[in-house]
Amino acid sequence: MPELPEVEILVRGLNRSLPGRRILSVRLGKTDFMDNPAAIERELPGLKIAGVARRGKYIVLGLRLGAADGDGAGADSALVVHLGMTGHLSARPAGEPPAAHTHAQFALDDGRELRYTDPRRFGRILWLAQEALPAFRNEIGIEPLTTSESAFSARIAGRHAGIKALLLNQRVLGGLGNIYTDESLWRARIHPQRLASRLKRAEMRALWRAIRRVLEAAIRSGGSTVSDYRNADGQPGWFQLRHRVYQREGKPCFRCRSNIRRIVVAGRSSHFCPQCQRAPRKRRFRGPTS
DNA sequence: CGTTGAACCTGTTTGC
DNA sequence: TGCAAACAGGTTCAAC
């Protein structure tokens, strides 16, 4: 469910009610997707949630030992959550029966429980001490919404790799997934199989602008709900109604009415307009020619 | 460096 | 109707 816009909307929602709450106790279910479940059970009880932030697709709950109320700055440690494909995080009344596949429950001091639910368990949960936070943040690439175009170019230009693979690489750019990669490439009129090193300067600029505009528009629409995404209040997003290519195979392009196609690029379903997004001359990895 | 395919796990949709 | 295959918002790792 989760790419940058969905995580951002969720983080904003969590930030409306979590800061200042204290974690009373922890209950874990299946823990095979957690880095160190014992540390989570040991460290979290008694800590206060200072604030909720986002880094790429990760949710970072800043935790603090002290009694001083928080503005989110200066956390002593953090609970870091990645939603994978099907993860959900929400605060529910403690008396409410947990949804199926709820694997973590954090009892709060206001009668609610912060619950993590994830049928496929492709998500990730870890606890990081303050000293480990900078290294964690550095593993993730630039933030699309708060970084300059020149920083983006520096990370992309000249690299001998497919542009789709680069945009999906979280060490290059933090937050883009399959939906927003396809949507951005369509807006920039760049074929997903193009090589980054072959992009012209104008194309790089168009791509950067497309990424930012798509992400900002998606956030304004509350994110995309393709199947089961819900925000902190349990509400779906609406940006899926504005998708131009994602899951629109065989439907007409919004610009030229050509039929949208779907091929596999970088191991992922990739949707594009064959007319607006011209294929590179030398197609990579073709079968024998006839 | 780069690419591909498989693996991780469950649920839903599609096809025969 | 029933069962199998395909597919899914993500990441990681082995192999080449």
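When reading the values below, keep in mind they use all heavy atoms of this one structure, side chains included, and skip hydrogens, waters and symmetry mates. So that the names make sense, note that chain A is the first sequence line, chain B the second, and so on, each numbered from 1.
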Asks: When rounded to the nearest Å, what value does the distance between P atoms of C:dA5 and B:dA6 take?
Replies: 15 Å
Asks: Measuring to OP1 and OP2 of B:dC9, would you say a side-chain N or O of A:Lys30 lies under 4.0 angstrom away?
Replies: no
Asks: Expected output check: what is the dot-bracket annotation of DNA chain B, where ( ) and [ ] are pairs inside the strand (brackets for crossing ones), | is paired with another strand, and pairs are Watson-Crick or G-U under 3.5 Å?
Replies: .|||||||.|||||||
Asks: Looking at every heavy atom in both A:Ser224 and A:His243, which two are closest together, and how far apart are they?
Replies: OG-NE2, 2.8 Å
Asks: How many Å lie between CD1 on A:Ile179 and C1' on C:dG10, as a whole number?
Replies: 12 Å
Asks: Is A:Leu65 reachable from A:Ile23 through a run of hydrophobic residues whose side-chain heavy atoms are each under 4.5 Å from the next?
Replies: yes
Asks: Say whether A:Ser17 and A:Arg112, considering side chains only, have a donor N or O and an acceptor N or O under 3.5 Å apart.
Replies: yes
Asks: Which heavy atom in A:Pro119 sits nearest to a heavy atom in A:His101, and how many Å separate them?
Replies: CA-CG, 3.6 Å
Asks: For nucleotides B:dG11 and C:dT1, find the distance between their P atoms and express it as a whole number of Å.
Replies: 22 Å
Asks: When the distance from NE2 of A:His82 to P of B:dC9 is rounded to whole Å, what number comes out?
Replies: 18 Å
Asks: Just call it for A:Phe33: base, sugar-phosphate, or nothing, with non-hydrogen atoms closer than 4.0 Å on any strand.
Replies: nothing
Asks: Given atom NE2 of A:His88 and atom C1' of C:dA8, what is their separation to the nearest angstrom?
Replies: 13 Å
Asks: Side chain of A:Gln170: nearest nucleotide among C:dG10, B:dG2, C:dT11?
Replies: C:dT11
Asks: In whole angstrom, give the distance that lies between atom CG of A:Leu83 and atom P of C:dA8.
Replies: 20 Å
Asks: Less than 4.0 angstrom from a charged side-chain N to a carboxylate O is my criterion; do A:Glu113 and A:Arg27 meet it?
Replies: no
Asks: A:Asp32 side chain: which of C:dG10, C:dA8, B:dC9 is closest?
Replies: B:dC9
Asks: More 5' along DNA chain B: A:His160 or A:Val264, using each one's nearest nucleotide?
Replies: A:His160
Asks: Less than 4.0 angstrom between a side-chain N/O of A:Arg121 and OP1 or OP2 of B:dT10, yes or no?
Replies: yes
Asks: So for atom CZ, which belongs to A:Arg205, do other residues, nucleotides or ligands contribute more than 12 heavy atoms lying within a distance under 6.0 Å?
Replies: no
Asks: Checking A:Arg244 against A:Phe254: charged group under 6.0 Å from the ring centre and within 45 degrees of the axis?
Replies: yes
Asks: Checking ring-ring contact (aromatic ring centres under 6.0 Å, His included) against A:His103, which of A:Tyr116, A:Phe122, A:Phe33 comes through?
Replies: A:Phe33
Asks: Distance check needed: B:dT4 P versus A:Leu166 CG, whole Å only.
Replies: 12 Å
Asks: If only side-chain N and O atoms of A:Ser269 are considered, is one of them under 4.0 Å from the OP1 or OP2 phosphate oxygen of C:dA8?
Replies: yes
Asks: Find the distance A:Asn169:CG to B:dT3:C1' and express it as a whole number of Å.
Replies: 13 Å
Asks: If we check ring-ring contact (aromatic ring centres under 6.0 Å, His included) with A:His271, which of these qualifies: A:Trp186, A:Tyr180, A:Tyr246?
Replies: A:Tyr246
Asks: Are A:Arg54 and A:Glu143 ion-paired here, with the side-chain N under 4.0 Å from a carboxylate O?
Replies: yes
Asks: So among A:Arg268, A:Glu249, A:His191, which one has a side-chain contact (heavy atoms from CB on, under 4.5 Å) with A:Ile263?
Replies: A:His191
Asks: Remember a base hit wins even if backbone is also touched, and classify A:Thr225 as base, sugar-phosphate or nothing at under 4.0 Å, heavy atoms.
Replies: base
Asks: Can you tell me, in whole Å, how much space there is between the C1' of B:dC9 and that of C:dG2?
Replies: 24 Å
Asks: Between the protein and nucleotides 11-16 of chain B, which nitrogen or oxygen pairs come in under 3.5 angstrom?
Replies:
unit_1 : atom_1 : unit_2   : atom_2 : d
B:dG11 : OP1    : A:His101 : NE2    : 2.8

Asks: The side chain of A:Gln247 is closest to which nucleotide in this list: B:dT3, C:dG10, C:dA8?
Replies: C:dA8
Asks: Any side-chain N or O of A:Arg262 less than 4.0 Å from the OP1 or OP2 oxygen of C:dC7?
Replies: yes
Asks: With a centroid cutoff of 5.5 Å and a plane-angle limit of 30°, would you call A:Phe122 stacked on B:dC8?
Replies: yes
Asks: Please determine if a side-chain N or O atom of A:Arg124 lies less than 4.0 Å away from the OP1 or OP2 oxygen of C:dT11.
Replies: no
Asks: Rounded to the nearest Å, what distance is computed from the CD atom of residue A:Gln240 to the P atom of nucleotide C:dA8?
Replies: 17 Å
Asks: Look at all strands and tell whether A:Gly177 reaches a base, only sugar-phosphate, or nothing, counting heavy atoms closer than 4.0 Å.
Replies: sugar-phosphate
Asks: Mind calculating the distance between NE2 (A:His243) and C1' (C:dA8) to the nearest angstrom?
Replies: 14 Å
